[in-house]
Amino acid sequence: MDKERLIGFRKQIIEKDFARLNAMQFQAVTTVCGPLLILAGAGSGKTTVIVNRIACLMKYGNAYCSNKIYADFTEDAEALMLRYLQGDASVYGEVKGLLCVDPPKPWQILAITFTNKAANELKERLVNMLGEEGNEIWASTFHSACVRILRRESDSIGFSSHFTIYDTDDSKRLIRDCQRQLNIDEKILSQKTVLTEISRAKDSLIGPEEYSTDGPRGFDQKKDYIKRIYTLYQQMLKNADAMDFDDIIVNTVKLLQDNPQALDYYRQRFRYIMVDEYQDTNHAQYVLVSLLAGGHKNICVVGDDDQSIYSFRGANIENILSFEEQFDHAVVIRLEENYRSTGTILDAANAVIANNSERKGKNLWTSNERGEKIELHTCADEAEEGRFVADSIMEKSAAGRPFSDFAVLYRTNAQSNNIERALVRSAIPYRVIGGRRFYERKEIRDAVAYLAVTVNHNDNVRLRRIINEPKRGIGETTMNNVSSIAAYLGESMYSVMARADEYSALSRSAAKLKLFTEMIDSFSARLANGTLAEGFRMIMNESGYAASLSQDEETKEERLENLDELYSTLARYEQENGEEASLEGFLEEIALLSDIDNYDDQLDTVTLMTLHSAKGLEFPVVYLVGMEDGLFPSSKSFDDPRALEEERRLAYVGITRAKELLCLTKASARMQYGKTTANPPSLFLDEVPAALIDDTSPRVSAAFGYRNNRAGGAYGAVYSAAGGSRSYDYGAERFKSSGGFSADSFAPKKTAVQDAFYKPPQKKESPAIVALKAGDTVRHKKFGAGLVLSAAPLGNDVLLEVAFDSCGTKKLMQGMAKLEKL
DNA sequence: CGCACCACAATTTTT
DNA sequence: TTGTGGTGCG
């Protein structure tokens, strides 16, 4: 009937449905046809837009930008629409046909993020909004989406469907093996160089054959070496039925390029594609996205060129800068209203980033209040910097902020040390994200290697890793012999080991080798009998690995606890996946897992992490420490303007993490690599308008140094008495998994039967908090005896002020401090 | 083959 | 300062 009226109604209904969005967000949500670039400034509600855009697609298809109508527009229909418009949701089922134009099935939507955490959050929000249908949307990382595709299409790419994924550490080992096999000295060419060079080549979709040996001045010997290593490396991966992270993308691209049916299938399948953090994509990922979007052309990318901080890893900022040239008829929408930070913080961020030239240009604004000035504090050295931060946190926490409000961000992981030390002294609960990650720990990698070899006997890198761990008297030479024989016969190392007695070169260790493969065989065979977690326990016990860990008194507790953690992760995985659970599946999941994925914002602790890890997060109070030239910006960026711009983007990321308060600190002198250096103030400090800064540094010229104004400097004086305690383990203690994987039960009795060894972890009860009041005397593990001056309840804990005989008055959280009442 | 000792290097790292 | 990896001896 009246087409215009129907379309008008439709638009009104959609507008009402998304009325919570601002104008730009609304546009971004409803522009669903064709290429779209959403430039989303920090804190501009990017995730909200992504979630709502998908919801909009599911509910209305492309109704907002289409004139199609699939139903008769009767008077009844008009009445229904009116009712719906007035808020009567019960008629949705009846009006749906009128509102919706070609809605996609949930599995036709592909939403790509960079971290598992982001993917899971997205999924969760989609399920909240759309119900169970949300679960069927492909919301995943580049890597897991590609793995899914590759496993399905494994026949056509020459891998098995259960190929192994090698992470950076595995890759490094393999590179080392290749280098040794080719007799290329690591002094001439470091593994690191080779690895980044190969990775860079893969990012650019350059295979070993095409890899050029030409440098700027013709033939380049190093490049020739790299080409040879690259070739062998790929061969070895293939033999091990393994792919590294880059291969996962590269092989998917290859599959789509070489296999028209596959390309066609996935183009049909993914009608709508969204890519988050587009500024971080590399060339291979760009090609992948273009291939997939080549059919429907419904490609929406979201990103912020000002937050591109991963170019050192191959991210290509050009992808986002020239999106409009790469995708015809692309629409660009800018989200510039910031909902996160105070005006002051935002002004600072804008002022800093304005110094960059390689950018799309964008000006964030906010209607939030101005807020407080940005605090700048100069400290004498890094220890004082830590104390300043700890003290400031203590003060604000006493005023009622939970510890989870605070984040301390730094340029390099090494900087966490001083901060940790100071936080421990004040008994402030904290956790460090990144640094040495859980899955990078030796015992975890070993344990995982056992599982990997049990599942895939051809996993040579992992096989070599555990063959002599614990000691089985099988060394490098033996394994090299095995490897040569295997290469010569074209068989796997594992099968050569299983028949070791047939080869004279292996005669001396044949028995040991056979014993090992028989053990692994028996693991594989028995794995089907019980739960995976039990299987893990069995493997750890019978391989002797768990027992070997308990040999070292120094480290056994922590390491066994880490095994506990892995056991729990496996048990949890099993619980979540039920029938579907498999060891292969578990290994894949953890191969694609990162540290930030485990970041739990529910815990009431201060968070310490690098600026890089902080991207995507926000905190009410942010400390940006080490604002010094040479540290941040890093000295390595001094002679490269592009690198310096990336550092500046990093500063921008850091500043925009803060919601309410931002505090910048620097130290006049800092111990780096065992030497004390004096770094000038960071270039970026000058770029923040002075009017936004409140400088609380001690009022003596920093040039005179720490010694000269010790007496006058507030912190120098207060803290000079606080020396002493070197150990700083109890702050972290709280975050170790507790109890269960009892160290004692791992006593090295190798013959005893398994069961006694590896007990699944159990929760330890937290010690009851004894009521303390002013006047009580207490004993502290490190500080000794002291008198309680005050006790004030704070959250679930009690803030104590204690005068210690040995080191003066300290503020402590009772729950953290393990005090003994005397 | 295993262990002890010394040399050396050392941003950032979503997968 | 920290951690890793190579070398050389028993």
Side-chain angles (χ1 to χ4, degrees), chain A residues 112-119 140-147 165-173 176 180 185-187 190-192 195-196 199 202-203 243-249 276-277 279-282 284-285 307-315 382 409-418 433-437 439-440 442 468-479 508-509 512 588-597 599 609-617 626 630-638 643 646-647 649-650 653-654 670-676:
Chain A
I112 295 179
T113 62
F114 269 82
T115 64
N116 295 299
K117 183 170 174 269
S140 64
T141 62
F142 264 110
H143 293 264
S144 49
C146 288
V147 167
I165 299 166
Y166 278 0
D167 66 16
T168 317
D169 186 79
D170 301 319
S171 299
K172 253 190 221 148
R173 282 166 177 264
R176 199 180 54 195
R180 287 188 183 160
D185 195 338
E186 283 167 27
K187 295 217 173 71
S190 73
Q191 288 147 39
K192 223 184 114 187
L195 196 69
T196 43
S199 178
K202 288 183 177 179
D203 285 351
M243 293 187 197
D244 67 16
F245 287 142
D246 301 313
D247 285 339
I248 291 172
I249 311 293
D276 192 10
E277 307 282 15
Q279 74 282 355
D280 293 333
T281 49
N282 60 35
Q285 287 162 336
Q307 292 186 63
S308 163
I309 54 174
Y310 282 103
S311 75
F312 70 92
R313 269 181 102 260
E382 77 280 354
L409 309 182
Y410 35 77
R411 177 68 238 264
T412 66
N413 281 306
Q415 289 169 261
S416 76
N417 266 223
N418 324 305
I433 308 286
R436 204 189 182 69
R437 287 194 197 58
Y439 288 101
E440 277 168 18
K442 183 180 180 301
N468 208 24
E469 193 75 59
K471 302 278 176 288
R472 295 186 178 90
I474 305 171
E476 188 78 21
T477 343
T478 309
M479 289 311 279
R508 216 179 314 164
S509 34
K512 298 171 197 160
E588 176 179 323
E589 203 171 287
I590 61 171
L592 299 176
L593 210 72
S594 82
D595 209 51
I596 196 85
D597 294 334
Y599 173 72
M609 63 184 142
T610 62
L611 288 154
H612 282 89
S613 307
K615 199 182 71 174
L617 303 175
L631 233 198
F632 185 38
S634 155
S635 55
K636 309 219 166 161
S637 67
F638 282 170
E646 179 141 318
E647 296 284 310
R649 291 193 289 269
L650 203 49
V653 167
R670 182 180 297 274
M671 179 97 96
Q672 278 174 293
Y673 307 139
K675 274 204 293 273
T676 304

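Order of the sequence lines fixes the chain letters, A, B, ..., with proteins taken first and strands second; residue numbering starts at 1 for each chain. What you see is a predicted model; the values in this text were computed from it and never measured.
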Item to check | Value in whole Å for how far the C1' atom of C:dG5 lies from CG of A:D169 | outcome: 13 Å

Checklist outcome for this item: Across all chains, not counting sequence neighbours, the ring pair (Phe, Tyr, Trp, His ring centres under 6.0 Å) partners of A:Y310 are A:F312, A:H612

Next on the checklist: Just N and O in the side chain of A:Y310: are any of them under 4.0 Å from OP1 or OP2 of B:dT11?
Outcome noted: no

Item to check | Length of the line joining A:M609:CE and B:dT11:C1', which is rounded to integer Å | outcome: 17 Å

Next on the checklist: Below the 4.0 Å mark, does B:dT13 have OP1 or OP2 next to a side-chain nitrogen or oxygen of A:N413?
Outcome noted: yes

Checklist entry - Quick one: is B:dT13 close enough that its OP1 or OP2 comes under 4.0 Å of any side-chain N or O from A:S613? => result yes

Next on the checklist: Does A:R180 reach a base, just sugar-phosphate, or nothing at all? Heavy atoms under 4.0 Å.
Outcome noted: sugar-phosphate

Checklist entry - When all nucleic acid strands are considered with a 4.0 Å heavy-atom cut-off, which category describes A:T478: base, sugar-phosphate, or nothing? => result sugar-phosphate

Checklist outcome for this item: chi for B:dT12 classified (syn = within 90 degrees of 0, anti otherwise) as anti

Next on the checklist: Tell me whether the ring of A:Y673 lies stacked over the C:dT1 base, given a 5.5 Å limit on centroids and a 30° limit on the plane angle.
Outcome noted: no

Checklist entry - At their closest point, which heavy atom of A:R176 faces which heavy atom of A:E186, and how far apart are they? => result CG-OE2, 3.2 Å

Next on the checklist: Pairing donors with acceptors under 3.5 angstrom, does anything connect the side chains of A:E646 and A:S311?
Outcome noted: yes

Checklist entry - Hey, does the side chain of A:T477 come within less than 4.0 Å of B:dC1's phosphate (OP1/OP2), counting only N and O? => result yes

Item to check | A:Q415 CD to B:dT11 C1', straight-line distance once rounded to whole Å | outcome: 10 Å

Checklist entry - Atom CD of A:Q672 and atom P of C:dT2: how far apart are they, to the nearest Å? => result 15 Å

Next on the checklist: Return the NZ to CG distance between A:K512 and A:N468, rounded to the nearest 0.5 Å.
Outcome noted: 9.0 Å

Next on the checklist: In this structure, how many angstroms lie between the C1' atom of B:dT13 and the CZ atom of A:R649, rounded?
Outcome noted: 16 Å

Next on the checklist: What's A:T610 touching, base or sugar-phosphate or nothing? Going by heavy atoms closer than 4.0 Å.
Outcome noted: sugar-phosphate

Checklist outcome for this item: Comparing nearest nucleotides in DNA chain B, the 5'-proximal residue of the pair A:K512, A:E647 is A:K512

Next on the checklist: Can you measure A:R670 atom CZ to B:dA10 atom C1' for me and round it to whole angstrom units?
Outcome noted: 15 Å

Checklist entry - Within the structure, does a side-chain N or O atom of A:S637 lie under 4.0 Å from either OP1 or OP2 of B:dT11? => result no

Checklist entry - Is the phosphate of B:dG2, meaning OP1 or OP2, less than 4.0 Å from a side-chain N or O of A:N468? => result yes

Item to check | Rounded interatomic separation in angstrom, taking NZ from A:K636 and P from B:dT12 | outcome: 9 Å

Checklist entry - Taking atom C1' of C:dG3 as reference, at what distance in whole Å does atom NZ of A:K172 sit? => result 12 Å

Checklist entry - Taking only residues two or more places apart in sequence or in another chain, which ones pass ring pair (Phe, Tyr, Trp, His ring centres under 6.0 Å) with A:Y166? => result none

Checklist outcome for this item: Assign each of A:K471 and A:R313 the nucleotide of DNA chain B bearing its closest heavy atom; nearer the 5' end lies the nucleotide of A:K471

Item to check | Closest approach of A:G654 to A:L611 (non-hydrogen atoms, all atoms of both residues) | outcome: CA-CD2, 3.6 Å

